[in-house]
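Notes for the one structure printed next.
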Amino acid sequence: MATTVIPLEQLSREVQEETRARYEPMRSIVPEVEWDLHAPYVAAINRLKKDRNAIVLAHNYQTTEIFHGVADLSGDSLALAQLAVDTDAEVIVLAGVHFMAETAKLLNPDKTVLIPDMAAGCSLADSITGADVRLLKERYPGVPVVTYVNTSAEVKAESDICCTSSNAVEVVESLGTDRVIFLPDEYLGRWVASQTGVDVILWKGHCVVHERFTPEEIRRFRGAYDGIQVLAHPECPPEVLAEADYVGSTSGMARHVSETQPARVLMITECSMADNVAVENPGVEMVRPCNICPYMNTITLPKILHSLETMTTEVVIDPDVADRARRAVERMLEVGRGKGG
Ligand code: 13P
Ligand code: SF4
């Protein structure tokens, strides 16, 4: 494949010009001195994408210079899966964590899907294996297995249907059963049970970012900031969700802010999310207690550039596992199209 990879040091004359439009909206979040460090990478990545017929899909938790600097499409886990299906690009660089890249590959078996750092894992995905799911199915025969997309392809392959935080309630209701095995996020499972009345058999998987928030922390912020709107991700413990004004996926929270334009917002989620939402909602004051996701933060601009230059690391899934895992993901997408059940 012919490429025009430009050494970073040679880019400096043109980078200001090439990156200005990307930078302007994030000026209040990313200081100019910091942008000077990012800009050469942003310019180089955006050029190389064209040469490679590649797109960057970015999760809402990616840092602002990635999210607003090089992403072509962005969103929550559900949106990334849907966008991956619709793209004409030959190469997808997933600026997010490994399970997101795997889902993109499942839905695009003939495309090249790259993850800029294989260490971009997820504590939920690490909490369960395919063998664990097989044991659960033996213990609860006939009970459908609903699996959060924050899992490996091997775990999805053992599941009846997948879900994300934005469609978990809808997916569970679509099955029409009194009981489901819901894996692996205990707290998301409890949230779904509270919204549906369906009996859930749970696994003790937790997100390292969301399990650390406490109700006391939220009450302290409510006391310190008049009229603050509290938005929380359903991966938080139930006692934290009980304190929130709105519970939803990352894109759900972003949409809620842009539609309601509250004066002040507390986002009980990963740190970069508030920055990315602030860029798009300059009139909303973001109060920022947050926890960093160490996995999401392994993805950086230099690693995205390296990934495109070397076409690494390509996501590869065993074909038999992929076929079974794809069925569970596609069944989830059909629920969104109104064909579930
Ligand atoms: P969303 O699907 O809401 O973006 O969540 C993904 C995730 O990993 C949250 O921690
Ligand atoms: Fe996984 Fe939590 Fe990080 Fe999301 S925020 S990728 S659930 S560890």
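Ligands are counted one by one from 1 in listed order, and the atoms in each one are counted from 1 as well. All values below were derived from every heavy atom in this structure, side-chain atoms included, with hydrogens, water molecules and symmetry-related copies excluded.
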Original post:
What protein heavy atom is closest to atom 8 (O) of ligand 1, reported as residue, atom name and distance in Å?
Top reply: Asn150 ND2, 3.3 Å
**OP:** Select one of side chain, backbone, both or neither to describe which atoms of Glu235 lie under 4.0 Å from any atom of ligand 2, heavy atoms only.
**Re:** side chain
Subject >> Sub-4.0 Å atoms of ligand 2 with respect to non-hydrogen atoms of Tyr295 >> reply: 8 (S)
Original post:
Among protein heavy atoms, which lies nearest atom 6 (C) of ligand 1, and at what distance?
Top reply: Ser77 OG, 3.4 Å
**OP:** Report yes or no: is the SG-SG distance between Cys207 and Cys122 under 2.5 Å?
**Re:** no
Original post:
Is it true that Leu78 and Leu73 fall in one hydrophobic cluster, defined by side-chain heavy atoms closer than 4.5 Å?
Top reply: yes
Original post:
Is Arg222 paired with Asp245 through a side-chain N to carboxylate O contact shorter than 4.0 Å?
Top reply: yes
**OP:** Check the angle between the aromatic planes of His59 and Tyr61 and answer parallel, tilted or perpendicular using the 30° and 60° thresholds.
**Re:** perpendicular
Original post:
Is there a heavy atom in Met296 that sits closer than 4.0 Å to ligand 1?
Top reply: no
**OP:** Would you mind running through ligand 2 and noting each atom that sits below 4.0 Å from a heavy atom of Asn150?
**Re:** 7 (S)
**OP:** Look only at interatomic distance and state if Asp76 has a nitrogen or oxygen under 3.5 Å from any nitrogen or oxygen of ligand 1.
**Re:** no
Original post:
So which heavy atom in the protein is nearest atom 5 (O) of ligand 1, and how far is it from that ligand atom?
Top reply: His233 NE2, 3.3 Å
Original post:
Less than 4.0 Å between a side-chain N and a carboxylate O, is that true for Lys156 and Glu102?
Top reply: no
**OP:** May I ask you to identify, for Cys293, whether its side chain, its backbone, both or neither come under 4.0 Å of ligand 2 on a heavy-atom basis?
**Re:** side chain
Subject >> Contact check: Thr164 vs ligand 1, nitrogen or oxygen atoms, below 3.5 angstrom >> reply: no
**OP:** Please check if the distance between the ring centroids of Tyr187 and His206 is under 6.0 Å.
**Re:** yes
Original post:
Which of the atoms of ligand 2 are close to Val209, meaning less than 4.0 Å from one of its heavy atoms?
Top reply: 5 (S)
Original post:
Between Asn60 and ligand 1, is there a nitrogen or oxygen pair with a distance under 3.5 Å?
Top reply: no
Subject >> Test: Lys111 and Glu90 ion pair at under 4.0 Å >> reply: no
Subject >> Nearest-contact summary for atom 4 (Fe) of ligand 2 - protein heavy atom, Å >> reply: Tyr61 CE1, 4.0 Å
**OP:** Please say whether Ser249 places an N or O atom under 3.5 Å from an N or O atom belonging to ligand 1.
**Re:** no
Original post:
Is Asp275 salt-bridged to Arg288, going by a charged N under 4.0 Å from an acidic O?
Top reply: yes
Subject >> Pair Glu24 + Arg27, salt bridge at N-O below 4.0 Å >> reply: yes
**OP:** Please write down residue, atom name and distance for the protein heavy atom closest to atom 9 (C) of ligand 1.
**Re:** Glu235 OE2, 3.2 Å
Original post:
Which ligand 2 atoms are under 4.0 Å away from a heavy-atom of Leu124?
Top reply: 7 (S)
**OP:** For ligand 1, find out whether one of its N or O atoms is nearer than 3.5 Å to an N or O atom of Ser251.
**Re:** no
Subject >> Atoms in ligand 2 flagged as close to Ser123, the criterion being non-hydrogen separation under 4.0 Å >> reply: 8 (S)
**OP:** If you have a sec, work out which protein heavy atom is nearest atom 1 (Fe) of ligand 2 and how many Å separate them, to one decimal?
**Re:** Cys122 SG, 2.4 Å
Original post:
Could you walk me through whether Tyr225 and Glu285 pass the side chain to side chain contact (heavy atoms under 4.5 Å, CB included) check?
Top reply: CA-CA 11 Å; Tyr225 293 89; Glu285 182 191 349; 4.2 Å; yes
**OP:** Check whether the side chains of Ser251 and Ser249 place a donor and an acceptor atom closer than 3.5 Å, and report yes or no.
**Re:** no
Subject >> Test item, His59 contacting ligand 1 (heavy atom, 4.0 angstrom) >> reply: yes
Subject >> Separation of Glu186 CD from Leu124 CG (nearest 0.5 Å) >> reply: 11.0 Å
Subject >> Residues Val209, Glu235; criterion side chain to side chain contact (heavy atoms under 4.5 Å, CB included); working and verdict >> reply: CA-CA 9 Å; Val209 173; Glu235 288 170 10; over 6 Å; no
**OP:** Quick one: look up the protein heavy atom nearest atom 2 (Fe) of ligand 2 and list residue, atom name and how far away it is.
**Re:** Cys207 SG, 2.3 Å
